[in-house]
Asker: 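Dumping the structure here so I can ask a few things about it.
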Amino acid sequence: MKIFLDTANLESIRKFNDMGLLDGITTNPSLMSKEGGNPKDAMEEITKIIKGDVSLEVISTEYSGMMEEGKRLRQYGKNVVVKVPMTPDGLKACKSLSSEDILVNVTLIFSANQALLAAKAGAKYVSPFIGRLDDIGQDGMHLIKEIKEIFSNYDFDTQILVASVRHPLHVIDAAKIGADVVTLPPAVLDKMMLHPLTKIGLENFLADWDNLKSGNPDIKI
Ligand code: E4P
């Protein structure tokens, strides 16, 4: 399963990229707004830091505006994937951009039918927002299972990009189902690395080493 980072924060992107963990990035207007500054600079920088796919989202809600913005966003880098909302105009833009070899991520997916239509329109990625479904008392992960089952019946090239991830358990469940990608907020990726037994184990190793060294201060590895 590929791991994308769901952020426009350059520091976090560099941090996890240096660990070799990142296959791509997803952004959206809210994440851009959170960072402040000029989003163009951030977009350009992200596409340089990351070799994999970088989703940059359109702001327009009608077809011609999406097409214009999509083509402009694509100029930030060859790895740009244009993110369009799951609307009739978004689907039309998805179809047109895809036929011009511009990859598209259809975002704000909340049902299996929406995912099916986005795949039909030629999306490279569909982004079901599982956390927002959980927030309203619906089972977000069930949607991933449904989409996975439907896609496996056909030969779509579309990948399932699990979005709106809230905690590490979401990641394990998405991987068990066989989702293609999860996009994670930096805080979730941080939590995935931690285990109290790792911390305690390391503290014990170091204490035992200090013990050994106290009898022989010259020893080195
Ligand atoms: C995905 O592409 C979205 O940017 C993101 O996962 C939305 O997550 P949220 O529901 O935490 O805002």
Side-chain angles (χ1 to χ4, degrees), residues 1-10 12-13 16-17 21-36 39 42-43 46-47 49-50 52-61 66 69-70 73-74 76-77 79-87 90-91 93-94 97 102-112 114-115 118-119 121 123-144 147 158-175 177 179-192:
M1 185 172 65
K2 283 180 274 186
I3 292 181
F4 289 2
L5 200 64
D6 196 26
T7 187
N9 183 277
L10 298 179
S12 297
I13 291 172
F16 293 112
N17 192 47
L21 300 178
L22 300 185
D23 299 298
I25 298 290
T26 52
T27 64
N28 64 37
S30 305
L31 293 170
M32 288 289 172
S33 163
K34 195 172 156 197
E35 297 309 317
M43 289 178 186
I46 296 169
T47 58
I49 302 171
I50 295 293
D53 287 350
V54 174
S55 287
L56 303 177
E57 190 161 340
V58 300
I59 308 299
S60 289
T61 54
M66 286 188 203
E69 287 176 6
L73 289 171
R74 186 65 169 71
Y76 286 111
N79 52 347
V80 168
V81 175
V82 176
K83 214 171 174 190
V84 302
M86 176 58 219
T87 61
L91 289 179
C94 176
L97 290 166
I102 297 176
L103 302 176
V104 179
N105 174 355
V106 178
T107 190
L108 292 167
I109 299 253
F110 292 96
S111 76
Q114 289 180 319
K124 171 159 187 196
Y125 298 107
V126 288
S127 290
F129 278 36
I130 59 167
R132 294 193 194 185
L133 282 170
D134 290 356
D135 289 346
I136 60 161
Q138 294 184 18
D139 184 353
M141 205 50 75
H142 178 69
L143 174 59
I144 304 302
I147 300 172
T158 310
Q159 297 186 23
I160 304 171
L161 192 167
V162 180
S164 187
V165 169
R166 300 272 197 260
H167 49 72
L169 211 50
H170 272 154
V171 183
I172 292 173
D173 288 340
I177 293 168
D180 302 285
V181 191
V182 282
T183 188
L184 307 178
V188 173
L189 201 38
D190 270 327
K191 283 181 195 157
M192 284 168 65

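Residue numbers run from 1 in the order of the sequence given. Only heavy atoms go into these numbers, but all of them, side chains included; no hydrogens, no water, no symmetry mates. One-based numbering, in listed order, for ligands and for the atoms of each.
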Asker: Can you check whether Thr47 reaches Ile50 side chain to side chain, under 4.5 Å on heavy atoms?
Answerer: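 Heavy-atom side-chain distance check fails, nothing below 4.5 Å.
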Asker: Are Phe4 and Phe16, when compared by the centres of their aromatic rings, separated by less than 6.0 Å?
Answerer: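 For Phe4 and Phe16, the ring centres are not under 6.0 Å apart.
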Asker: Quickly, which of Leu22, Val171, Thr7 forms a side chain to side chain contact (heavy atoms under 4.5 Å, CB included) with Leu189? Name it, please.
Answerer: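 That would be Leu22.
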Asker: Identify, for atom 8 (O) of ligand 1, the protein heavy atom at the shortest distance, and state residue, atom and that distance.
Answerer: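 Ranked first by proximity to atom 8 (O) of ligand 1 is Ser164 CA, 3.4 Å.
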Asker: Below 3.5 Å, N or O to N or O, backbone or side chain included: is there any such pair between Asn28 and ligand 1?
Answerer: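 Yes, since at least one N or O of Asn28 sits under 3.5 Å from an N or O of ligand 1.
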Asker: Below 4.0 angstrom, N of the basic side chain to O of the carboxylate: do Asp53 and Lys124 qualify?
Answerer: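 Counted as a salt bridge, because a side-chain N and a carboxylate O are separated by less than 4.0 Å.
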Asker: Students should be able to answer this: which protein heavy-atom is nearest to atom 12 (O) of ligand 1, and at what distance?
Answerer: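 Checking every protein heavy atom, the shortest distance to atom 12 (O) of ligand 1 gives Arg132 NH2, 2.8 Å.
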Asker: Leu161 and side chain to side chain contact (heavy atoms under 4.5 Å, CB included): which partner among Asn105, Val126, Asp6?
Answerer: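 Only one option passes, and that is Asn105.
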Asker: Starting from atom 5 (C) of ligand 1, what is the nearest protein heavy atom, named by residue and atom, and what distance separates them?
Answerer: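 Heavy-atom neighbour on the protein nearest atom 5 (C) of ligand 1: Asp6 OD2, 2.9 Å.
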Asker: At less than 4.0 angstrom from any non-hydrogen atom of Ala163, what atoms of ligand 1 do you find?
Answerer: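 It comes down to these atoms of ligand 1: 1 (C), 6 (O).
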Asker: Identify, for atom 11 (O) of ligand 1, the protein heavy atom at the shortest distance, and state residue, atom and that distance.
Answerer: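 For atom 11 (O) of ligand 1, the nearest protein heavy atom comes out as Arg166 NH1, 2.8 Å.
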Asker: Return the closest protein heavy atom for atom 2 (O) of ligand 1 as residue, atom name and distance.
Answerer: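 So the nearest neighbour among protein heavy atoms is Lys83 NZ, 2.6 Å.
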Asker: Tell me which protein heavy atom sits closest to atom 7 (C) of ligand 1, plus the residue, atom name and distance to 0.1 Å.
Answerer: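 The closest one turns out to be Phe129 CE2, 3.5 Å.
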Asker: Do Leu143 and Ile147 come close enough that some side-chain heavy atom pair is under 4.5 Å?
Answerer: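 They are in side-chain contact.
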